[in-house]
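Here's the structure, in structure tokens; my notes come after.
We count residues from 1, following the sequence as given.
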Amino acid sequence: NKAILDILSSYEFPFRERTHLILTIPKIEAYSTPNGLIKRDRNGNYLVKHNSRLLKFIENTTELEPKLGTPEYFYLKNNNVILYPTPIEKGIVTIDYFTLSIGENAQGEEIYSLKKDSDVLTVPVHLEELMKEAIITRTMLNTIASESDENYSAYLKQADRAYKTLIKYS
């Protein structure tokens, strides 16, 4: 599991990108965030949109007065996205994010570590062998090899090559 998490958290793999959809309800301001990291655009803005319009992030919410209207802003609180002003009509909020899930169990539920033989990683078919190679070589490097081992540099080179190949074809 450590090698898998090391690899998946080290790069923004396109296959881990997701879009979370929220149907807003009038006069309801708080909605659950997705289980992942909200993406940002090139300017550093969070990719949270209301009816396709990018919402601005509010850092300091201490002076906000309750207000109804069309959401233009949002903030995060207790694993919720809070829309401001509070919507007065139905709408759609989209949140682009990177999932923290690494795969699925036999029931198709997201998992965050492999625990059972029936658990599977969620990786595109064309990357399965490259991912397997990257995990095996990273595991060897993390558990078998020590820096004083005469083969350590070979393990390091092999793990690095497998990882770079995975990145290249992602």
Side-chain angles (χ1 to χ4, degrees), residues 1-115 119-132 134-135 138 163-170:
N1 277 325
K2 182 180 180 342
I4 295 167
L5 293 175
D6 285 348
I7 292 167
L8 290 178
S9 65
S10 67
Y11 180 75
E12 294 181 345
F13 290 99
F15 62 86
R16 299 192 72 208
E17 294 179 18
R18 305 279 190 279
T19 299
H20 184 68
L21 292 176
I22 299 169
L23 300 175
T24 62
I25 300 167
K27 299 183 182 176
I28 302 294
E29 66 177 4
Y31 299 88
S32 294
T33 57
N35 197 0
L37 306 172
I38 299 174
K39 290 175 57 177
R40 294 177 184 242
D41 65 14
R42 290 185 179 135
N43 298 321
N45 299 311
Y46 286 108
L47 293 176
V48 177
K49 299 175 186 169
H50 178 263
N51 293 338
S52 300
R53 214 172 105 234
L54 191 65
L55 298 179
K56 297 175 188 144
F57 180 70
I58 301 172
E59 290 197 32
N60 185 357
T61 61
T62 55
E63 309 232 348
L64 289 180
E65 296 289 331
K67 182 178 172 183
L68 293 173
T70 300
E72 296 178 32
Y73 304 92
F74 79 97
Y75 58 96
L76 301 170
K77 182 178 179 183
N78 299 329
N79 293 323
N80 286 311
V81 59
I82 313 295
L83 303 176
Y84 187 81
T86 301
I88 55 172
E89 57 187 28
K90 292 180 183 180
I92 298 174
V93 171
T94 57
I95 302 173
D96 293 337
Y97 71 102
F98 288 101
T99 183
L100 296 177
S101 163
I102 65 166
E104 295 180 346
N105 62 19
Q107 293 75 37
E109 301 165 332
E110 289 186 330
I111 57 172
Y112 302 91
S113 65
L114 298 176
K115 295 179 181 170
D119 293 345
V120 294
L121 286 177
T122 304
V123 178
V125 174
H126 74 283
L127 295 176
E128 285 179 353
E129 290 302 316
L130 295 174
M131 179 63 81
K132 199 181 310 180
I135 291 168
R138 179 68 60 97
Y163 176 75
K164 286 179 178 173
T165 304
L166 175 64
I167 298 297
K168 179 179 178 180
Y169 290 101
S170 291

side-chain contact (heavy atoms from CB on, under 4.5 Å) filter on Glu89, not counting sequence neighbours, yields none
Looking only at atom types and distance, does a side-chain atom of Asn51 sit under 3.5 Å from a main-chain N or O of Ile92, one as donor and one as acceptor? yes
For Gly69 and Pro85, work out which heavy atoms get closest and say how close. N-CB, 3.7 Å
Measure the CG-CD1 distance between Asn1 and Ile135 for me, rounded to the nearest 0.5 Å. 9.5 Å
Looking only at non-hydrogen atoms, find the nearest pair between Asn105 and Gln107 and report the distance. OD1-N, 2.9 Å
Which distance, rounded to the nearest 0.5 Å, do you find between the OG1 of Thr94 and the CZ of Arg53? 12.5 Å
Tell me, do Met131 and Leu8 make a side-chain contact under 4.5 Å, heavy atoms counted? yes
To the nearest 0.5 Å, tell me how far Asn43 CG sits from Asp41 CG. 5.0 Å
Does Lys67 reach the side chain of Tyr84, with side-chain heavy atoms less than 4.5 Å apart? yes
For residues Thr24 and His50, determine if any side-chain heavy atom of one lies less than 4.5 Å from a side-chain heavy atom of the other. yes
The residue among Asn78, Asn79, Asn80, Ile22 that forms side-chain contact (heavy atoms from CB on, under 4.5 Å) with Ser32 is Asn80
Nearest 0.5 Å, please: how far is OH in Tyr169 from NZ in Lys164? 14.5 Å
List the residues meeting side chain to side chain donor-acceptor pair (under 3.5 Å) with Tyr75, not counting sequence neighbours, and say none if there are none. none
Before giving the answer on side chain to side chain contact (heavy atoms under 4.5 Å, CB included), spell out for Leu100 and Leu37 the whole-Å C-alpha distance, their side-chain angles and the decisive distance to 0.1 Å. CA-CA 7 Å; Leu100 296 177; Leu37 306 172; 4.1 Å; yes
Partners of Asn60 by side chain to side chain donor-acceptor pair (under 3.5 Å), sequence neighbours excluded? Thr62
Return each pair, listed once, that meets ring pair (Phe, Tyr, Trp, His ring centres under 6.0 Å) where at least one residue sits in residues 9-28; pairs must be two or more places apart or across chains. Tyr11-Phe13, Phe13-Phe15
Between Arg16 (side chain) and Ser101 (backbone), is there a donor-acceptor pair under 3.5 Å? yes
Mind running side chain to side chain donor-acceptor pair (under 3.5 Å) on Tyr163 and Ser10 for me, showing each step along the way? CA-CA 10 Å; Tyr163 176 75; Ser10 67; 2.6 Å; yes
With heavy-atom distances below 4.5 Å as the criterion, would you say the side chains of Asp96 and Glu17 are in contact? no
Would you sort out whether Leu76 and Val81 count as a side chain to side chain contact (heavy atoms under 4.5 Å, CB included), showing the intermediate values? CA-CA 5 Å; Leu76 301 170; Val81 59; 4.2 Å; yes
Residues forming a side-chain contact (heavy atoms from CB on, under 4.5 Å) with Lys27, sequence neighbours excluded: Leu68
Counting only heavy atoms not in Glu12 (residues, nucleotides, ligands), do more than 12 fall under 6.0 Å from its CD? no
Minimum heavy-atom distance Pro71-Pro87, with the two atoms named: CG-CG, 3.8 Å
For atom NZ of Lys39, is the number of surrounding heavy atoms from other residues, nucleotides or ligands below 6.0 Å larger than 12? yes
Kindly compute the distance separating OH (Tyr31) from CG (Leu23), expressed to the nearest 0.5 Å. 9.0 Å
dist Leu64:CG -> Ile58:CD1 (nearest 0.5 Å) comes out at 4.5 Å
Set of residues satisfying ring pair (Phe, Tyr, Trp, His ring centres under 6.0 Å) with respect to Phe57, sequence neighbours excluded: Tyr46, Phe74
Which of Thr19, Leu47, Val48, Leu55 passes side-chain contact (heavy atoms from CB on, under 4.5 Å) with Ile95? It is Val48
